[in-house]
Colleague: 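One structure is given below, represented as structure tokens, and several questions about it will come after.
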Amino acid sequence: MASLRDIKNRITSTKKTSQITKAMQMVSAAKMNKAEMNAKSFVPYMEKIQEVTASIALGSKDVSHPMLTSRPVKKTGYLVITSDRGLAGAYNSNVLRNVYQTIQKRHKSPDEYAIIAIGRVGRDFFKKRNMNVILDIVAVADQPAFAEIKDIASKTVGMFADETFDELYMYYSHYVSAIQQDVTEKKLLPLTDISSSKKLTSYEFEPSAEEILKVLLPQYAESLIYGALLDSKASEHAARMTAMQNATDNAKDLINSLSLSYNRARQAAITQEITEIVGGAAALE
Amino acid sequence: MKTIKVSVVTPDGPVYESDVEMVSTKAQSGELGILPGHIPMVAPLQIGAVRLKNGGKTDFVAVSGGFLEVRPEQVTILAQSAEQADEIDVERAVRAKQRAEQRLNDQKRENIDFRRAELALQRAINRIEVSERKF
């Protein structure tokens, strides 16, 4: 049995750890609320741009654009969004496992795919396995502004345009609620499944539908990437909050059971001492 | 006078929302003025100012990477970034302008970064001008 002092030390250190996890949980809860609000304020833009894109792409039959047409696939791009830091439960590993298995299943050689990694955890994971990471960005802010992500988004879209890859999938963790996040695969490019729930409007184009699509489609794809990033940021904070909540609960359980054995050990020591005194006194008589 | 609803939306949230008598801005094909009752239209915008006139008062919004969508009852401007005149961080714009100018001086014309620096310069100048309401 561990000595009294050992148990006491373990109790103190577990208490300290639980204070930290509790603090992290509260920080994540605050960040999650903020991230959720960011995601919400992005919705009007996304809806509008989707509506306009759908109206133009579906409304006029005779327009075509490289980003709208599928071409024979020689190379597939994967955009993977993970976090920079760990301690978020299964948040990163869920996404990474999904991507990893998909790639293993779909491709035989590393020449057939290219990975764009957002987040340090994802980048390190793929680099360690010698997978073809062509672009990475780390240290994305917790509340990313569109300007920060514009660069990587436009580079990604540019790579599709110059045929570095012929299709692009996006993997991220979709925020359902504070306790549920689902790994989502989304085909980003070519933009084949544009649809709008709203009624389509027929527009006049200034100067022409083609010219507008040339500017609009890259922006649309960039905003899809930004939307996914906001979504996965919200998931990250939610996942971290849940993970830290669990850690705090576990620490509490551990402290309880440790205090129990501490009290037992203390009582045993007292009993032993009494027995010794009584024994000593009896020996004197 | 008749008015039309205008909203300026960016990925970071709505920037401007109001009823105005006239919207005027610079599209890629030239200066454009929209009055209520305009036919539905879409046009990409240049980096520039959007002027929103209402009852003798004019609001300015600096816009870059934007689109104008006109519907009979509403005008929407979708922009990658947009700021109202009094919300512009002028100091930052001035710094960005200097940085862009320096980069333009350092580099050769063929460089890809040259184009980016040029755009950055345009955006910075646009912000500064809008904040001074020089239109």
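A note on names: the letters A, B, ... follow the listed sequences, proteins ahead of strands, and every chain is numbered from 1.
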Colleague: Can you name the closest pair of heavy atoms from B:D12 and A:P144 and give their distance?
Modeller: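 Answer, listing the atom of B:D12 first, then A:P144: OD1-O, 4.5 Å.
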Colleague: Looking at every non-hydrogen atom in both residues, tell me the closest pair between A:I212 and B:F67 and how far apart they are.
Modeller: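 Residues A:I212 and B:F67, closest heavy atoms: CG2-CE2, 3.6 Å.
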Colleague: Quick check: are there more than 12 heavy atoms from other residues, nucleotides or ligands sitting under 6.0 Å from CD of A:E204?
Modeller: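 Not buried by this count: 12 neighbours or fewer within 6.0 Å.
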Colleague: Just checking B:K26: does its NZ atom have more than 12 heavy atoms from other residues, nucleotides or ligands closer to it than 6.0 angstrom?
Modeller: no
Colleague: Sort A:F42 into side chain, backbone, both or neither according to what part of it lies under 4.5 angstrom from a heavy atom of chain B.
Modeller: both
Colleague: So which atom in A:S41 and which in B:P14 form the shortest heavy-atom distance, rounded to 0.1 Å?
Modeller: O-CD, 4.2 Å
Colleague: Highest number of heavy-atom pairs under 4.5 Å with chain A: which of B:I39, B:V42, B:V9?
Modeller: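 The answer is B:V42.
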Colleague: Roughly how far apart are B:E69 CD and A:E51 CD, rounded to 0.5 Å?
Modeller: 6.0 Å
Colleague: If you draw a 6.0 Å radius around CD in B:E91, do more than 12 non-hydrogen atoms from other residues or ligands fall strictly inside?
Modeller: no
Colleague: Assess whether atom NZ of A:K214 is packed by more than 12 heavy atoms of other residues, nucleotides or ligands within 6.0 Å.
Modeller: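 For A:K214, atom NZ is not crowded (no more than 12 foreign heavy atoms under 6.0 Å).
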Colleague: Which atoms form the tightest heavy-atom contact between B:A79 and A:Y45, and what is the distance?
Modeller: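 Answer, listing the atom of B:A79 first, then A:Y45: O-CE1, 3.5 Å.
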Colleague: Relative to chain B, which segment of A:K150 carries a heavy atom at a distance below 4.5 Å: side chain, backbone, both, or neither?
Modeller: side chain
Colleague: Chain A: which of B:P44, B:S81, B:G30, B:S7 shares the most heavy-atom pairs with it under 4.5 Å?
Modeller: B:P44
Colleague: Looking only at non-hydrogen atoms, find the nearest pair between A:Y203 and B:M41 and report the distance.
Modeller: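 So the minimum-distance heavy-atom pair works out to CD2-N, 3.5 Å.
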Colleague: How about B:Q80 and A:E222: do any of their side-chain heavy atoms sit closer than 4.5 Å?
Modeller: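 Heavy-atom side-chain distance check passes, below 4.5 Å.
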Colleague: Please classify the contact between B:T10 and chain A as side chain, backbone, both or neither, with a heavy-atom cut-off of under 4.5 Å.
Modeller: backbone
Colleague: Examine whether an atom of A:V215 lies under 4.5 Å from a heavy atom of chain B, and if so say whether it belongs to the side chain, the backbone or both; otherwise answer neither.
Modeller: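 For A:V215, the contact with chain B is made by backbone and side chain together.
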